[in-house]
2 protein chains.
Amino acid sequence: MPNTYCVIMAGGLGTRFWPLSKSLAPKQFIDIVGSGRTLIQQTYERFAKICPKENIFVVTSVDYKELVMQQLVGIDESRVLTEPLRRNTAPCIAYASYKIKNIDPEANIIVAPSDHFIQNEDVFLSEISKGLEFVAENDALLTLGITPNRPETGFGYIQVDRPHFTPSAQNLYEVKTFTEKPGIDLARIFVESGEFFWNSGIFIWSLKSILSAFESHLSDVAELFGKGQKLYGTSNEVAFLNKTYSECQNISIDYGIMEKASNVFVLCCDFGWSDLGTWGSLYESSEKDVDGNAVKGENIMLYGTTNCIVNMPKDKLVVIQGLDDYIVVESEGTLLICRKEDEQQIRQFVNDVRMNKGEYFI
Amino acid sequence: MPNTYCVIMAGGLGTRFWPLSKSLAPKQFIDIVGSGRTLIQQTYERFAKICPKENIFVVTSVDYKELVMQQLVGIDESRVLTEPLRRNTAPCIAYASYKIKNIDPEANIIVAPSDHFIQNEDVFLSEISKGLEFVAENDALLTLGITPNRPETGFGYIQVDRPHFTPSAQNLYEVKTFTEKPGIDLARIFVESGEFFWNSGIFIWSLKSILSAFESHLSDVAELFGKGQKLYGTSNEVAFLNKTYSECQNISIDYGIMEKASNVFVLCCDFGWSDLGTWGSLYESSEKDVDGNAVKGENIMLYGTTNCIVNMPKDKLVVIQGLDDYIVVESEGTLLICRKEDEQQIRQFVNDVRMNKGEYFI
């Protein structure tokens with residue numbers, strides 16, 4: 001479709017995959033599923049199939065600009081937008097939107113995280129096309145909902161309301177509620193009801209609709225970024241951003257707009273998705289050997305070892321005997337061995353490491 | 001005592017502590033108990049307290065000569081005897097003995113492995129002194145027996161016969177039998193009987209007694225090494241050894257002499273000894289934290305982890321959660337995780353690594 005743009009959000013930090021993802025190279029810059037390409041590379045190439053590369057923008061932290069340029073070979077520097085401070089998704093999307101306004105006021109935009117896993121790319125792209133068609137013709141804020149296959153407590157859920165089918169999309173609904181990560185009992189009820197879908201954090205809208213939504217629901221953010229309209233692309237852009245980000249509130253697009261707007265729709269999809277937010281979800285999305293081990297590394301020898309995640313540097317020889325249901329991961333001189341079911345403790349380990357050993361290891 | 005000499009045997013290979021001990025640096029050259037000094041350094045310094053350094057000989061493989069020179073700083077090169085081939089302990093001891101004959105025919109000699117652990121050095125040295133006194137006055141082959149504190153199946157046992165007490169030693173006995181590693185049931189009977197002692201592999205004898213024993217029980221070995229009497233210390237020594245070792249049988253001093261000679265005695269001691277032949281025995285001899293973990297490494301953080309052996313390079317950060325009774329060891333880019341009770345499988349792992357990954361990792 002003409003006027004198709006894409007905004008890839010790649011500013012995330014995150015220590016849940018520590019020590020694999022350290023602050024110097026967060027998850028999106030790592031080949032976490034062992035495909036040979038990092039998550040941001042996969043994301044970029046996926047969208048390049050539906051949208052000209054010059055229409056793909058990557059928003060990231062100034063700290064990661066070089067990593068982005070290195071990993072997305074050939075990307076034009078003008079397409080890498082750098083944020084001076086982390087202010088969550090709403091300012092990130094506002095910045096990209098006002099910037100695109102200078103280029104193409106008729107743009108239709110896909111906004112997506114850089115670090116998600118998509119199993120079935122063909123289905124994904126076909127759903128994206130449906131969504132683009134819909135938002136081109138309707139003043140709608142569209143989010144992709146994922147048919148849940150388990151009562152996952154790590155994701156947000158979207159409850160659908162009335163269907164809003166179109167000739168090309170029979171899986172489009174109005175939204176009743178957004179729900180943050182539920183407890184396990186609630187998650188079970190959600191999944192059984194059939195009314196709830198995982199919130200993928202992937203959005204589609206026209207530039208006009210999202211700018212109008214900012215003006216209605218986050219008018220301060222709209223005003224701040226709108227003031228720069230003549231500065232984007234000039235030598236004053238950096239100074240403008242420094243000032244704007246320091247004055248801007250920290251708020252997510254879900255909380256700031258999606259949960260408040262009345263023109264929110266959900267396209268319910270099933271293309272094998274994971275936000276790869278936990279080792280458990282990475283394990284679910286990984287290929288496993290006959291003993292249920294998800295192994296990455298070229299010199300790994302397992303004996304009596306089952307249901308483990310083993311993620312090791314290429315050159316490392318590793319012999320593991322007698323482990324069941326563990327995470328064994330090494331990166332840059334740091335080794336972690338942890339029960340899979342206790343992975344929520346990793347955050348604590350990282351804090352302890354920071355306190356006792358310093359930032360170097362984080 | 002005058003005429004005291006020491007022969008430290010340091011030619012051993014061994015993969016039981018793999019990957020900590022690889023063929024490039026076997027156990028004796030490693031600081032395996034985390035004391036800051038390698039086992040051979042500890043052994044050398046221990047004997048230097050009872051015997052002039054110029055009287056201490058180290059017998060090793062030609063491959064390890066440089067390692068010995070590096071680790072035993074200041075040792076005279078003439079005191080490092082190198083074997084061109086591995087032929088077990090009898091040829092090793094014969095070589096050193098005939099060599100010492102050129103220097104001091106009245107020598108009394110302690111023969112000891114380079115890779116054992118001695119906890120109470122004062123008691124050890126005092127027992128050695130008693131033994132030296134005894135062999136100086138008697139044509140005796142003396143071996144040190146260790147009071148067993150558990151039914152260890154990894155050691156050989158010596159059964160004592162009649163006491164042969166002297167004014168200075170009330171723990172000296174004639175030997176009834178040598179027994180190789182027993183099964184657990186037999187080991188229990190041995191320990192309960194009070195008649196059995198662990199065979200430490202540490203010997204004391206006069207040069208005259210051991211040469212006479214070689215002539216009686218291993219006359220071919222005696223003849224081979226005796227032929228070199230005028231060559232030791234000359235430029236022809238290496239060529240002579242190459243020939244001699246290639247012709248010499250492979251046989252242990254226990255099997256070749258100790259089990260056959262009638263003038264064998266045992267000095268029964270208790271100084272906290274281990275041959276460090278298994279991870280289990282290393283664990284027994286190691287200091288442990290409150291959770292029973294024997295930890296070596298400077299950046300190890302344990303959570304809910306008990307009774308483990310953790311042995312990591314200094315600079316490595318390691319976080320371990322939820323392991324009980326495991327060995328976790330890394331050396332030179334190779335990591336092993338293995339249940340402590342399954343350590344006998346390590347030999348198999350090493351074979352598999354050799355087959356699948358090559359000698360580089362061994």
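Order of the sequence lines sets the chain letters (A, B, ...), proteins ahead of strands, with each chain counted from 1.
- In the displayed structure, A:Gln70 atom CD is contacted under 6.0 Å by more than 12 heavy atoms of other residues, nucleotides or ligands.
- The number of heavy-atom neighbours closer than 6.0 Å to CD of A:Gln344, taken from other residues, nucleotides and ligands shown, is above 12.
- Closest approach of A:Ala187 and A:Thr153 over heavy atoms only: CB-CG2, 4.3 Å.
- Of all the heavy atoms in A:Ala10 and A:Val58, the pair that sits closest is CB-CG1, 3.9 Å.
- Using a 4.5 Å cut-off between non-hydrogen atoms, the part of residues 292-302 of chain A that approaches chain B consists of A:Glu298, A:Asn299, A:Met301.
- With no hydrogens or angles considered, no side-chain donor-acceptor pair links A:Tyr303 and B:Asp342 at under 3.5 Å.
- Interface remark: A:Asn356 contributes side-chain atoms only to the contact with chain B (heavy atom separation under 4.5 Å).
- Between A:Tyr64 and A:Gly12, the shortest heavy-atom contact is CE1-O, 3.8 Å.
- Considering only heavy atoms from C-beta on, B:Ile189 stays 4.5 Å or farther from B:Phe196 through its side chain.
- For A:Arg347, there are no salt bridge (Lys or Arg N to Asp or Glu O under 4.0 Å) partners, not counting sequence neighbours.
- Contacts between B:Phe349 and chain A at a heavy-atom distance below 4.5 Å involve backbone atoms as well as side-chain atoms.
- The nearest pair of heavy atoms linking B:Gly11 to B:Arg86 is O-NE, 3.1 Å.
- Inspection of non-hydrogen atoms places no residue of residues 274-291 of chain A under 4.5 Å from chain B.
- What you find for A:Trp273 and A:Ser200 is that their closest heavy atoms are CZ2-CA, 3.6 Å.
- Between the side chain of B:Thr43 and the main chain of B:Ser114, a donor-acceptor pair closer than 3.5 Å is present.
- Counting only N and O atoms by type, the side chains of B:Gln71 and B:Thr38 include a donor and acceptor under 3.5 Å apart.
- Considering every non-hydrogen atom in both B:Pro113 and B:Gly201, the closest pair reads CD-O, 3.4 Å.
- Annotation: the span from A:Arg339 atom CZ to A:Glu341 atom CD amounts to 6.0 Å, rounded to 0.5 Å.
- Heavy-atom neighbours of chain B within the stretch residues 309-328 of chain A, taken at a separation under 4.5 angstrom, comprise A:Met312, A:Asp315, A:Lys316, A:Leu317, A:Val318, A:Val319, A:Ile320, A:Gln321, A:Gly322, A:Leu323, A:Tyr326, A:Val328.
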